[in-house]
Amino acid sequence: MLKRGFWCECWTANLAEQQPPALLASFDAYSAPQADRWVSVALCTISPRLDADASDEAWEWLYEGRIETRRALLRAEPRTVSVTHARTRITWMIRPVLFLPLAQRQDAELPTYANEFEHRPTE
């Protein structure tokens, strides 16, 4: 059975260089509140280290933009949140997805070599 959720990514880009953005982190969220909370926690964590303008951007989203983000996610619409600190743009992207279930291991046999490994006690 497919499960609805959100795929969340955090990208950074150096605005002074002609390089593509770099993926910093990703997260699978299973509800709109969980998805926007991921961004919220990240912004609250880094905001003390941001320059004044970037900190203002972060807190503006936390106080006002987060509500709009949550509403959009509840409508299954993708959202992007960005702050620019010095020459670095940090962007969180959240998009609705359908998660595929993984096969249950207990319903399938393990490969024959799986039993060849001995448990070694830790010292």
Contacts of type side-chain contact (heavy atoms from CB on, under 4.5 Å), residue Glu17, not counting sequence neighbours: Asn14, Gln19
Pair listing, salt bridge (charged side-chain N to carboxylate O under 4.0 Å, His left out) test, anchored in residues 46-57, at least two apart: none
CG-NZ distance between Asp28 and Lys3, expressed to the nearest 0.5 angstrom: 10.5 Å
Any Trp11 side-chain heavy atom under 4.5 Å of Pro20 side chain: no
Pairwise side-chain contact, Thr69 with Trp61, heavy-atom cut-off 4.5 Å (strictly under): yes
Residue pair Val83 / Ala58: nearest heavy atoms and the distance that separates them: CG1-N, 3.8 Å
Heavy-atom pair with the smallest gap, counting every atom of Ser55 and Leu50: N-CB, 3.8 Å
Side-chain atoms of residues 86-98: list all donor-acceptor pairs with protein atoms under 3.5 Å, sequence neighbours left out, distances to 0.1 Å.
| unit_1 | atom_1 | unit_2 | atom_2 | d |
| --- | --- | --- | --- | --- |
| Arg89 | NE | Thr84 | OG1 | 3.4 |
| Thr91 | OG1 | Ser82 | OG | 2.9 |

Pairing residues for Trp7 by the ring pair (Phe, Tyr, Trp, His ring centres under 6.0 Å) criterion, not counting sequence neighbours: none
Which residues share a salt bridge (Lys or Arg N to Asp or Glu O under 4.0 Å) with Glu77, sequence neighbours left out: Arg75
Check against side-chain contact (heavy atoms from CB on, under 4.5 Å), Leu73 and Phe6: CA-CA 8 Å; Leu73 295 175; Phe6 299 90; 3.8 Å; yes
List, one per line, each side-chain donor-acceptor pair under 3.5 Å for residues 32-42, sequence neighbours excluded.
| unit_1 | atom_1 | unit_2 | atom_2 | d |
| --- | --- | --- | --- | --- |
| Gln34 | OE1 | Tyr30 | N | 2.6 |
| Asp36 | OD1 | Arg66 | NE | 2.6 |
| Asp36 | OD1 | Arg66 | NH2 | 2.9 |
| Asp36 | OD1 | Arg70 | NH2 | 3.3 |
| Asp36 | OD2 | Arg70 | NE | 2.3 |
| Asp36 | OD2 | Arg70 | NH2 | 3.1 |
| Ser40 | OG | Arg66 | NH1 | 3.1 |

